[in-house]
Amino acid sequence: MLLKPDLVVSSAHELSPALLKEYGIRAVMVDLDDTLVAANAETLKPNYRHWIKSLQQAQIPVLMLSNGKRERVKRWSQELGIIGLPLVGKPFTFAFRKGLKLLGTKAAETAMIGDQLFTDVLGANLIGVMSILVTPLSAGKLLHTRAARKLEEIILRGGNHGSSVHR
Ligand SMILES: [Mg+2]
């Protein structure tokens, strides 16, 4: 099922280098809004900064793959010391291909971590990247985001959603 995440966790920072390596993951693509920073907030929790550092120290490169605006993606990717691709066009496969090319890894050894089924999970599943769903950091400021959240809830309730490390 294309909308089924391979793994569900509550926060991205739970995904330790050791856990990712267990799944054969060598590089990570991560969403920005509501995955690393709440869409309605301007602050980054220290947990996320430490998490990204820990991945980099474990030689797991991190790339920010975002549909967000240029300035916002630039700001946060610079602050975190990672490359950020804005307006990238998830869930289309070209967005993920772009990411894989930059990371230099194959789809199967790469993970996409994000809070949305219809962009992050769907796109990752279409190209064979491991899809990891996190709980969104905010309820979403845009009406269409909120509508999508409702649908996501219904879909997640309806089926078995991936194996979960924290329940
Ligand atoms: Mg998001």
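As the structure lists them, so they are numbered: ligands from 1, and atoms in each ligand from 1.
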| task | Determine the interplanar angle of the Trp51 and Tyr48 rings, folded into 0 to 90°, and report it as parallel if under 30°, tilted if 30 to 60°, perpendicular if over 60°. | result | perpendicular
Hey, does the side chain of [X] reach the backbone of [Y] with a donor-acceptor pair shorter than 3.5 angstrom?
X	Y	answer
Lys21	Ala58	yes
Asn47	His13	no
Ser11	Glu14	no
Asp120	Asp115	yes
Gln116	Arg149	no

Ignoring waters, protein N/O/S atoms under 2.8 Å from the Mg ion (ligand 1) are Asp31 OD2, Asp33 O, Asp115 OD1
